[in-house]
Amino acid sequence: MPNPSSFFLTTPIFYVNDAPHIGHAYTEVAADVLARWHRQAGDDTWFLTGTDEHGQKILRTATANGVHPQEWADRLVESAWKPLLDTINISNDDFIRTTEKRHEEGVAKFLQKLYDDGHVYAGEFEALYCVGCEEFKPKSEIVDGEGAFVGEKVCAIHSKPLELLQEKNYFFKMSAFQDRLLALYEERPDFVQPASARNEVIAFVQQGLEDLSISRTSFDWGIPIPWDDAHVTYVWFDALLNYVTAIGYGQDDAEFDRRWPASHLVGKDILRFHAVIWPAMLMAAGLEVPDHVFAHGWLLVGGEKMSKSKLTGIAPSEVTDTFGSDAFRYYFMRAISFGHDGSFSWEDLAARYQAELANGFGNLASRVLAMNAKYFEGRVPAAGTETAADAEIRELAASVAVRADEKIETFAIHEAIAAIWELVDALNGYITEQAPWALAKDPANDERLQTVLNTATEGLRVLAELLEPVVPQATAKLWSALGAEEALGALEGQPIREAGRWGRLPAGTQQHPLAVLFPRIETEEKGK
RNA sequence: GGCUGAGUAGCUCAGCUGGUUAGAGCGCACGACUCAUAAUCGUGAGGUCGCGGGAUCGAGUCCCGCCUCAGCUACCA
């Protein structure tokens, strides 16, 4: 029986040949925020990421570098991909590599089952082949010939005529699932999100599905087809299966039943593999389809899609070296509407860091804790009679916590943060209006002074809990400065869906000096 | 070519099923305050809502046409 509170979230696995850039990091951070939120809420959370290591491209680059592809992959995983996760502070529960035994065995079992159940047949794969590229060309790389080759189809890279070749392949009868897929999209409108992505998927499937070639014989860096080791498995078929092999498919039924099905976060470039091919594979194997497939947008740099080839690829460490991982996480989650394309610029990043993190949240924490230290020897003051202004803050905190949770539930991370930020702004306004420094001048106002600072302190407690998934380092500092660590226990253990419940941090709690959460960045502008 | 989406203040974006003077943040100008990371709070300036038509008492929000941009139109991941 599936666990009702189970939350299994995946990212695409990294193709090891790529160089890590902020686009990869963006997906990871989004997944991490969702995973941390659900984990803190007490849901049975499992967050999976990993690497995709098979395929002709990897074989080629490894060979070109004079090493075995396994060694090549090992090197990249250790030098590039695992460090990326540390750079942006990712809390994944597992990391799967497609060259691991658990994966290769799972893929073999899955293939065998599909074969035994009649979903796979041997056929002829016929396509245009480029001698220069040494591979079959997809339509996108085939163009009409010019000059001497007018009337012929030529390779977009080599501009030379292509040959029509045939290869014996095994095919997955994907076409048989067309109607069931369309029914799925119809019955579960939130299966593919956002709606624009869903529309594209439906349009694609409606125009008719062909069977999918799932094996290759021209090279051998892949998982052998169990009943015919002259073939290796097509990389995408291999890669998609990581989502089930990582949780014990064919090995550990209890674990598999506990985790599956998953929610998948993907870039919109690989939506079709996840929203069409993958559910068809699962249907064929008699497994449940995923809960959700959510496609996020591109990061645009200077108005164009960021790409490695155009040198607009930015390494995540370029951002974190200056601003820190919290700022990276906050910026991309807050500034970009999740599911849409979003513009990245150093100017915007620096501006938001300054205005929202340093001046907004960081300074708020700083001023409240400084006053507690100054007027109450660093102890949380007790609340007295509540005024309308205090009640407004208390009610806003409750409202914001509820709304943020609802937004997270629908993958609207930016809106969740926007809701939480209402409390940041309201607290800054509240403090300015209540002017505790003025109250402190007359001992007759002591009860009022205590009430105001109690309200502000409690507000910080709520913020620390709600923002932990987004800015874990800063909130950890705040949590310990609040004295909440001793009073309430670990921040990660605070039930996030109850964060808005007022009065949890006891009066009298001893607080500690606060390290500056978001130091001002002196450098005026980072290079382009 | 076909399909989908987008074009709203200097910048980044909200505006659901049409309804009083079109909103937010940043930036800018002015003012208040001093607890705080020279931070905070308030006020203000600034828009022919891509262009042209149309049905409506009334449209950024509906219909038609056009312009611009992006994505999809299957087996590189």
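Order of the sequence lines fixes the chain letters, A, B, ..., with proteins taken first and strands second; residue numbering starts at 1 for each chain.
Comparing atom distances between the Glu200(A) side chain and each of A77(B), U37(B), G71(B) picks out G71(B) as nearest. Taking the side chain of Lys374(A) as heavy atoms from C-beta on, and the options A77(B), C35(B), U12(B), the nearest nucleotide is C35(B). Counting only heavy atoms from C-beta on, Ser213(A) has its side chain closest to C75(B) among C75(B), A36(B), U37(B). For Lys57(A), taking side-chain heavy atoms from C-beta onward, the closest of the listed nucleotides G25(B), A39(B), C76(B) is C76(B). The side chain of Trp437(A) sits closest to C35(B) out of C35(B), U37(B), G25(B). Listed nucleotides: C35(B), A74(B), U37(B). Nearest to the side chain of Met174(A): A74(B). Here the side chain of Ala355(A) is nearest to one of C26(B), U37(B), C41(B), namely C26(B). Among A74(B), A77(B), C35(B), the nucleotide with an atom closest to any side-chain atom of Tyr375(A) is C35(B). Among A36(B), U12(B), A39(B), the nucleotide with an atom closest to any side-chain atom of Gln354(A) is A39(B). Each of G71(B), C13(B), A77(B) was ranked by its minimum atom distance to the side chain of Lys268(A); first place goes to G71(B).
Separation of the Phe332(A) and Phe344(A) ring centroids falls under the 6.0 Å cut-off. Residues Phe237(A) and His54(A) place their aromatic rings such that the two centres sit no closer than 6.0 Å.
Between Arg352(A) and the phosphate of G25(B), there is no side-chain N or O to OP1/OP2 separation shorter than 4.0 Å. At C41(B), none of the side-chain N or O atoms of Tyr430(A) fall inside 4.0 Å of OP1 or OP2 (strictly under the cut-off). Regarding contacts with the backbone of C75(B), every side-chain N or O of Ser215(A) stays at 4.0 angstrom or more from both OP1 and OP2. Of the side-chain N and O atoms in Trp236(A), none sit less than 4.0 angstrom from OP1 or OP2 of C75(B).
Taken from CH2 in Trp221(A) to CD in Gln56(A), the straight-line distance is 14.0 Å, to the nearest 0.5 Å. A distance of 12.5 Å separates CD of Glu356(A) from CZ of Phe361(A), quoted to the nearest 0.5 Å.
Distance His340(A) NE2 to G7(B) P: 10 Å, rounded to the nearest Å. Put simply, OH on Tyr353(A) is 20 Å from C1' on G27(B), counting in whole angstrom units. Rounded to an integer number of Å, the gap from CZ of Arg367(A) to P of A39(B) is 13 Å. Rounded to whole angstrom, the span from the CG atom of Leu271(A) across to the P atom of C3(B) amounts to 21 Å. Rounded to an integer number of Å, the gap from CH2 of Trp421(A) to P of G25(B) is 15 Å.
In summary, the side chains of Gln450(A) and Asp446(A) do present a donor paired with an acceptor at a separation below 3.5 Å, with no hydrogens or angles considered.
Each of Phe171(A) and Phe518(A) was matched to the nucleotide of RNA chain B holding its nearest heavy atom; the match closer to the 5' end belongs to Phe518(A). When each of Asp52(A) and Ala203(A) is assigned the nucleotide of RNA chain B with its nearest heavy atom, Ala203(A) is the one assigned upstream, toward the 5' end.
Classified by interplanar angle (parallel below 30°, tilted 30° to 60°, perpendicular above 60°), the ring pair Phe294(A)/Phe411(A) is parallel.
Side chain Asn359(A) to base A39(B): no donor-acceptor pair is found below 3.5 Å.
Residue-level contact check: Ile277(A) touches neither bases nor backbone, having no heavy atom under 4.0 Å from any strand. No engagement by Leu369(A) is indicated, since no non-hydrogen atom pair under 4.0 Å with the nucleic acid exists. Using a 4.0 Å heavy-atom cutoff across all strands shown, Gly267(A) reaches no nucleic acid atom at all. Contacts of Gly429(A) with the nucleic acid, taken as non-hydrogen atoms under 4.0 Å apart, involve only primed sugar atoms and P, OP1 or OP2. No contact: Phe237(A) has no heavy atom under 4.0 Å from any strand. Note on Glu210(A): a base of the nucleic acid sits closer than 4.0 angstrom, heavy atoms only.
As rounded to the nearest Å, C30(B) and C57(B) have P atoms that lie 49 Å from one another.
Tested against His103(A) for a side-chain hydrogen bond (donor to acceptor under 3.5 Å, both in side chains), the candidates Asp238(A), Thr98(A), Asn242(A) yield a single pass: Asp238(A).
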